[in-house]
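Heavy-atom basis, side chains included; hydrogens, waters and symmetry copies ignored.
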Amino acid sequence: MNTSRSRGRTPRTLRIAALAVLLTTGAFTPSASADSARTETPVGTSGGVTETVVRVKAPLPASFGARPAACDWLSYLRYRSSSGPASSADADRVLVAQPGILEGAGAFDSVARNTVTRAAEQGRHIEFWALDRRSNCLEDRTGIASGDQHTAVDYYYRGKQVQGRTFAGFVGNDKLGWMAKLGIEQTVRDEYTLLAAELPDQGVRKDKALCGGHSLGGVITGYFAAADFDGDPATTADAGHNQCAGYFALDTTVSTSLGDLSGSIPDDTNLPDVGLGYGVVQAGLDSGLLPRSLSAPVLLNPETMTLLAIAGVGALQNPGGQADLPSYLPANTNIEATNRFLFSKDTATFLTGSPAVKDFRLTNESILGSLMDDQSVPLAFLQSSVGFFDSGPITDKNFPAANGSSSQPGLFGTEYKAIPAEPHGPLYTWRNYDRVGDPDDPGYRSSDGTPFTAAGKEVTDIQELARSMAAQPLDFTEQYFPTKLVTDLELATSPQVKRLVVHPDGLTANPTLTVLAGDGLLAGRAPADLHPVIADGYQHLDVLTAAPVQNNGRPEPVSTALTEFARTPR
C-alpha cells in the first residue's frame, strides 16, 4: 500500500482511545462557573487536539412555553490545540460553525481536528467550535454511549435500561410546542448569545472569530451577518457582521436564500405548504396542526437516524466482524421501509422485500458504508465517499433511480449506485477509501461498463466517520429539526422574516471563504464571483468528514483552505 495514503487512516490506537472515551464519557467531572451557568467536560485528547463539550445556560423567553430543562442550554464541541492557550480569547483564531439541515455538532469532528492540527503544524493555535442547535437537546445518547450495539438496540427499541435509565421514546409532535417558535430569529440569536458569553469582549470577537457553516449553515450565517441584536440599527457594535472577522461556507454560500441548496430537502418530507403564507403556517405550527419537526417516512426521522449512530457503534466495536444488526433490529414498518429503500436493487425488490438486507452477509463496516457511501445511499445531502464493497460480486442499484439516469440529479446525486449481488453468499467486506485503486482492487463496474468508483473519488476514512457518528457526546445528526427554521427561510420575502435583515451589507462586510464539494450540491453551478475552492471528488458530507491525507498523498483541501483563511492578517 502507498504509505503516503495510509497515513490518512485512523490508527488503531486512536480508534480504541475514541471508543474508551465513548465508554467513559459520564465519568468526567465537568468544570463549571460558580453559578453553574457554564460547564466544560473533557471528551479526549489525541493527535495534539483536545476536545471538550461546552454547555452554556441560555434560557428561552417565557413565550416559548414549557420545554425540557436541557433545552435552556446551548452546546458546542470545542476543539483546540493541546499545546495552545487554555482560554479561547487567547487563541489566534476561533472558527464557529453552524451545522446543516438535519445535522449536529458531531458531523464536524474530522474537519475540526484536521484544521486545528494543520494550524498547529504551522505554529498557530486556533480553535474550532462545532455548534449544536437548541433542538438537539431532545436527543438521548445513552444507548449509543454504551459502546455496544446490542445494548443500544435494546435501549432504544426494547425498553431495556442502561445505567438505570429507560428510554422515554421518540418525541411526538404534541411534545414539541416550544419548537413552533424556533426559527431563524432565535437561531441567530442563540449564536450571538453563545459568542457573547464565551468571548465577552466584542473587540476580540471582531478580531478573532470566523463565522460560517455547512449547507444550511451558510444561510444561517448570512442571516447572522445581517442581523441586529440590540434593537437599534444605529448602534452597530452588536450587529452580526461586527461579531466576526470573516465568514466561511462549506458546500454552501453565505446568503439569505435557500436557492443554492437545491436537493438538500427531499420532496417527501412533511414540510408544510408555504404558499399558505407566513401567518397561516405559524398558526398551524402553534396549534400543532402542522408538524413542528422535519421528517420523512424513511431514513429521515428520529428512529431511523438513531440507526445511523448504532451502525457507527458496530463499525467501531468490531469493524470486520459479520454484522447481525439487520436481524437484531425489531420488525416495524418504519425500519422495514427504510431497509427496503436503501438495499433494494430495483423496484420489484423494494415491493416484495426479497432479498432483504438480512439475507446478505455483511461486515459491520459494510453496513455503515451501505448507509452513508455515495455509491449506496440515494440522497445526495447524506452522501460521503468512504470506499466501496469488496469480497463478492456487485450489481447495479437501480432504485429509486436508474444508474445513468438524469432523473432528479439534485436529490440523488450523479454517482452510480451498487449493491451486493449474492444473498446467502460471501461475507462482503469494506474497502476503505485509501485502498481503492490498490493492485488488489477488483475494479467493480456497472452493467454498462462504467467504473463504480476510483481512487480520486474516495476521500473519507470509514473509521473516522464511525467515530464522528458514534463516539461523540453531541450527535452527528439532528433528530428533531425545527420545521419553522425552513419555513422562515422559504418565506424570506414575508415582512416577518424580511425585517430580520437589518444590515444587508453585512453579508459583504467581511472576507468570505467558499469551499465547495466537487460533486456536491453546487457541483457545476458554483458562483464564479465567489472564487470558490473546489474539493475535487468530494460529496456534500465529505467537506466535513474527509481524512487528513488524501489518495493523491496531499493534505485534505478543506481544512487546508480553512487554515490558510484563518491566517489572513487581522
Side-chain angles (χ1 to χ4, degrees), residues 19 21-28 41 43 53 55 66-73 75 102-107 132-179 291-317 323-339 364 367-368 371 466 468-482:
L19 187 55
V21 168
L22 171 66
L23 292 167
T24 59
T25 296
F28 290 108
T41 306
V43 177
V53 58
R55 302 185 190 276
R67 64 268 180 189
C71 300
D72 276 335
W73 291 73
S75 303
L102 298 165
E103 191 173 273
D132 242 8
R133 272 186 289 272
R134 196 181 284 267
S135 53
N136 288 79
C137 64
L138 296 170
E139 295 160 7
D140 181 351
R141 297 282 290 171
T142 305
I144 303 301
S146 72
D148 179 79
Q149 200 171 56
H150 285 186
T151 300
V153 172
D154 290 343
Y155 179 76
Y156 294 112
Y157 302 100
R158 295 194 173 94
K160 294 188 178 181
Q161 288 192 345
V162 172
Q163 296 183 342
R165 180 170 183 169
T166 302
F167 182 51
F170 298 106
V171 184
N173 197 51
D174 60 322
K175 301 290 180 64
L176 298 177
W178 66 278
M179 276 179 54
R292 293 152 172 163
S293 70
L294 196 66
S295 66
V298 297
L299 194 57
L300 302 178
N301 56 70
E303 182 178 49
T304 49
M305 284 192 285
T306 298
L307 290 178
L308 297 178
I310 293 176
V313 170
L316 281 178
Q317 186 182 21
D324 67 353
L325 181 62
S327 58
Y328 195 75
L329 286 169
N332 66 43
T333 302
N334 189 24
I335 293 175
E336 173 65 16
T338 297
N339 282 340
N364 287 302
I367 290 288
L368 181 60
L371 293 171
S468 299
M469 300 189 77
Q472 293 300 315
L474 302 182
D475 215 342
F476 188 102
T477 58
E478 183 177 19
Q479 296 179 11
Y480 301 94
F481 181 89

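Atom CG of L371 sits about 6.0 Å away from atom CG of L308, to the nearest 0.5 Å. With rounding to the nearest 0.5 angstrom, the CG atom of L307 is 10.5 Å from the CD1 atom of I367. Remark: F167 CZ to Q161 CD distance equals 14.0 Å, nearest 0.5 Å. The CD1 atom of I310 sits 12.5 Å away from the CG atom of N364 when rounded to the nearest 0.5 Å. Taking CG of L474 as the start and CZ of R141 as the end, the distance is 8.0 Å to the nearest 0.5 Å.
With Q149 contributing its side chain and L325 its backbone, the two residues share no donor-acceptor pair below 3.5 Å. No side-chain donor-acceptor contact under 3.5 Å links R292 to the backbone of K175. In this structure, the side chain of Y480 engages the main chain of V171 through a donor-acceptor pair within 3.5 Å. Side chain of R55 to main chain of S75: no donor-acceptor pair is present (N/O by atom type, distance under 3.5 Å, no hydrogens or angles). Proximity of a side-chain donor or acceptor of R67 to a complementary backbone N or O of W178 within less than 3.5 Å is not detected. Using a distance-only test at 3.5 Å, with no hydrogens or angles considered, a donor-acceptor pair links the side chain of Y156 to the main chain of I144.
Listed here is the closest heavy atom pair of L138 and M179: CD1-SD, 3.8 Å. Closest non-hydrogen pair, N136 versus G104, comes out as ND2-CA, 4.0 Å. Summarising the geometry of G312 relative to A470, their closest heavy-atom pair is C-CB, 3.5 Å, with the distance given to 0.1 Å. For the pair D324 and H150, the tightest heavy-atom approach, listed with the atom from each and the gap, is OD2-NE2, 2.8 Å. Pairing each heavy atom of A471 with each of L316, the nearest pair is CB-CD1, 4.0 Å. Nearest heavy atoms, A315 versus A466: CB-CB, 3.9 Å.
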Test side chain to side chain donor-acceptor pair (under 3.5 Å) applied to S135 and E478, step by step: CA-CA 8 Å; S135 53; E478 183 177 19; 2.8 Å; yes
Residues R134, D72; criterion side-chain contact (heavy atoms from CB on, under 4.5 Å); working and verdict: CA-CA 8 Å; R134 196 181 284 267; D72 276 335; 4.3 Å; yes
Working for side-chain contact (heavy atoms from CB on, under 4.5 Å), residues T477 and E103: CA-CA 4 Å; T477 58; E103 191 173 273; over 6 Å; no
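Applying the side-chain hydrogen bond (donor to acceptor under 3.5 Å, both in side chains) definition to pairs two or more places apart or across chains, those involving residues 301-316 are N301-T304, N301-N334, E303-N332, E303-N334, T306-Q479.
Checking E336 against N339 by side-chain atom types alone, no donor-acceptor pair falls below 3.5 Å. Side-chain N/O atoms of T142 and Q163 include no donor and acceptor closer than 3.5 Å. A donor-acceptor contact under 3.5 angstrom links the side chains of D154 and Y328, judged on distance only.
Partner of Y155 under the side chain to side chain donor-acceptor pair (under 3.5 Å) criterion, chosen from D140, T166, D148: D140.
Taking 4.5 Å as the limit, every side-chain heavy atom of F481 sits out of range of all side-chain heavy atoms of S293. No side-chain heavy atom of S146 sits under 4.5 Å from any side-chain heavy atom of V313. Residues T41 and P473 have side chains not in contact (no heavy-atom distance under 4.5 Å, counting atoms from C-beta outward).
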